[in-house]
Amino acid sequence: MRRQLPARRDQRGVALLLVLWACTLLAILLGGYAALARTEGLQARYQFAQTQAHYAAEAGIMRAFYGLQDSVIQHRWIGDGRVYTFRYDNATIKVSAISEGGKVDLNSATPEVLQGLFQAAGMQSAQAQALAGKVVEWRGPSLVPAEASARSAAYTAAGLDYGPRNGPFVSIEELQLVLGMTPELYRAVAPDVTIWSGNATPDTSTAPPLALAAIPGMTPQQMSAIQAARLQNANDPSMALNSGTTHSIQSEATLADGTRAVLRATMRVQAGQASTQPYAVLRWQEGDAE
């Protein structure tokens with residue numbers, strides 16, 4: 001019996017070691033599960049907050065649309081870029097709207113207006129004139145095959161594998177494809193261009209600064225006078241009558257914990273029967289990027 005005691009002690013030691021290893025492994029597994037559960041909980045709360053902010057921003061879009069069409073003129077919102085702030089479901093919402101009529105229309109603006117826009121954004125006169133010509137070429141139909149070939153040849157020479165559309169712009173982003181357009185210039189002019197106004201010249205009552213400067217003959221003194229008049233008449237209900245029927249709306253919703261969502265939509269009033277949806281969404285963007 002005495003000779004077997006060391007063997008039993010060894011067996012007990014091994015068993016104790018196994019138990020310790022099992023406890024250690026169990027602790028690691030439980031710790032990993034707790035960390036995973038905590039991470040998933042944080043993700044769920046983040047997603048819930050993001051969803052809440054998103055729908056609050058959507059509420060801001062709809063509030064702006066109906067505010068721009070309010071039947072009571074004194075309550076109607078003005079689409080000149082001013083910010084309207086209100087609270088909705090524990091979120092602070094900041095909304096602004098700009099009438100598309102005040103922007104430079106890529107499909108209908110005169111070459112002079114396009115040149116003025118590019119110059120206002122920092123291009124030299126000759127370069128701005130050449131780029132305006134490329135925009136007109138892009139949107140204009142090619143009447144003869146030789147003309148279409150000549151237009152495409154310039155793009156091929158620049159190393160591009162496409163040529164002009166030879167038809168109207170179908171999106172604002174398409175302006176980036178025009179030969180001579182740079183990323184920096186596009187970022188500068190994108191907020192001030194449209195394809196939905198049909199105007200040859202921007203409407204001075206709602207035009208943003210670059211579009212206002214693009215109007216032929218517009219002087220710095222005239223711009224200052226127009227902007228001063230806007231400030232003086234900032235709450236003049238008659239301005240709401242000139243806001244048009246198509247607007248670009250930006251809605252930013254911020255929750256109490258700092259969660260934020262930004263939506264941008266271009267919407268047009270649809271006249272028709274009562275059963276017709278009152279608006280058409282022409283463009284929809286999510287996030288801060290233009």
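Every heavy atom of this structure was used, including side-chain atoms; hydrogens, water molecules and symmetry mates were not. Note that this is a predicted model, so its numbers are computed, not measured.
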For Gln285 and Leu263, run side-chain contact (heavy atoms from CB on, under 4.5 Å): C-alpha distance rounded to whole Å, both residues' side-chain angles, the deciding distance at 0.1 Å, then the answer. CA-CA 6 Å; Gln285 294 177 299; Leu263 297 179; over 6 Å; no
Check: Which is it for Val104 and Val189 under the side-chain contact (heavy atoms from CB on, under 4.5 Å) test, yes or no, and what are the steps along the way?
Finding: CA-CA 9 Å; Val104 174; Val189 303; over 6 Å; no
Closest non-hydrogen atoms of Glu112 and Pro216, given as atom of the first, atom of the second and distance, are CB-CG, 3.9 Å
**Asked** Are any side-chain N or O atoms of Arg264 and backbone N or O atoms of Gly287, one a donor and one an acceptor, separated by less than 3.5 Å?
**Response** yes
Taken to the nearest 0.5 Å, the spacing of Thr259 OG1 from Phe48 CZ works out to 10.5 Å
Does the Arg151 side chain pair with the main chain of Gly163, one donor and one acceptor, at a distance under 3.5 Å?
no
(message) For the residue pair Gln50 / His54, report whether a side-chain donor-acceptor contact shorter than 3.5 Å exists.
(response) no
In terms of heavy-atom contacts, Ala64 and Val95 come closest through CB-CG1, 3.5 Å
Is there a continuous path of hydrophobic side-chain contacts, each under 4.5 Å between heavy atoms, that joins Leu185 to Val136? yes
inquiry  = Using a 6.0 Å cut-off, check whether atom CZ of Phe86 has over 12 heavy atoms from anything other than its own residue.
reply    = yes
Value for CH2 (Trp77) from CZ (Arg63), rounded to nearest 0.5 Å, stands at 5.0 Å
Does one hydrophobic cluster hold both Phe118 and Leu177, with members joined at side-chain heavy-atom distances below 4.5 Å? yes
One should read off an interatomic distance between Tyr55 OH and Tyr88 OH, to the nearest 0.5 angstrom, of 11.0 Å
Q.
In the structure I gave you, are the side-chain heavy atoms of Met62 and Met267 within less than 4.5 Å of one another anywhere?
A. yes
Of all heavy-atom pairs linking Ala128 and Gln119, the shortest is CB-CG, 3.5 Å
Do Asn90 and Leu255 touch side chain to side chain, with heavy atoms closer than 4.5 Å? no
No-hydrogen, no-angle side-chain donor-acceptor test under 3.5 Å, Ser96 and Arg82:
no
- Does a side-chain heavy-atom distance below 4.5 Å link Ile93 with Tyr84? no
Within a strict 4.5 Å, meaning less than it, do heavy atoms of the Gln222 and Ile215 side chains meet?
no
### Message
With clusters defined by side-chain heavy atoms of hydrophobic residues (ILVMFWY) lying less than 4.5 Å apart, directly or transitively, does Val178 cluster with Tyr162?
### Response
yes
Minimal heavy-atom distance between Ser71 and Arg76, with the atoms involved, is CA-NH2, 4.2 Å
May I ask you to decide if Ala132's main-chain N or O and Gln115's side chain share a donor-acceptor pair within less than 3.5 Å? no
Is it the case that one hydrophobic cluster holds both Leu68 and Ile61, taking links as side-chain heavy atoms less than 4.5 Å apart, direct or via other members?
yes
Interatomic distance, CZ@Arg139 vs CG@Asn166, rounded to 0.5 Å, equals 13.0 Å
Taking Tyr155 for its side chain and Leu179 for its backbone only, find out whether a donor-acceptor pair lies under 3.5 Å. yes
_Can you confirm whether Gln124 is buried at CD, in the sense that more than 12 heavy atoms of other residues, nucleotides or ligands lie under 6.0 Å from that atom?_
no
> If you measure only the distance, is there a donor-acceptor pair under 3.5 Å linking the side chains of Glu100 and Thr194?
Replying inline: yes
Correct closest heavy-atom pair for Pro191 and Lys103 would be O-CE, 3.3 Å
Separation between OG1 (Thr206) and CD1 (Ile98), nearest 0.5 Å, reads 8.5 Å
In short, Ala211 meets Pro202 closest at the heavy-atom pair O-CG, 3.7 Å
### Message
Between Asn199 (side chain only) and Gly101 (backbone N and O only), is there a donor and an acceptor less than 3.5 Å apart?
### Response
yes
Check your understanding: Hey, does the side chain of Ser251 reach the backbone of Ala57 with a donor-acceptor pair shorter than 3.5 angstrom?
Key -> yes
| Salt-bridge contact Glu173-Arg283 (side-chain N to carboxylate O under 4.0 Å) | yes
Under 4.5 Å between any side-chain heavy atoms of Trp196 and Ile172, yes or no?
yes
When clusters are formed by joining ILVMFWY residues with side-chain heavy atoms under 4.5 Å apart, either directly or through shared neighbours, do Ile226 and Val113 land in the same one?
-> no
Hits for salt bridge (Lys or Arg N to Asp or Glu O under 4.0 Å) against Arg260, two or more places apart or cross-chain, chain-then-number order -> Glu252, Asp288
CD (Gln227) and CG (Asp80) are apart, to the nearest 0.5 Å, by 11.0 Å
Review point. Can you check side-chain contact (heavy atoms from CB on, under 4.5 Å) on Leu175 and Trp138, steps first, answer last?
Key: CA-CA 9 Å; Leu175 179 60; Trp138 183 280; over 6 Å; no
| Between Asp105 and Ser197, is there a donor-acceptor pair closer than 3.5 Å when you use the side chain of the first and the backbone of the second? | yes
- Answer yes or no: is there a donor N or O on one side and an acceptor on the other, between the side chain of Gln127 and the main chain of Met123, under 3.5 Å? no
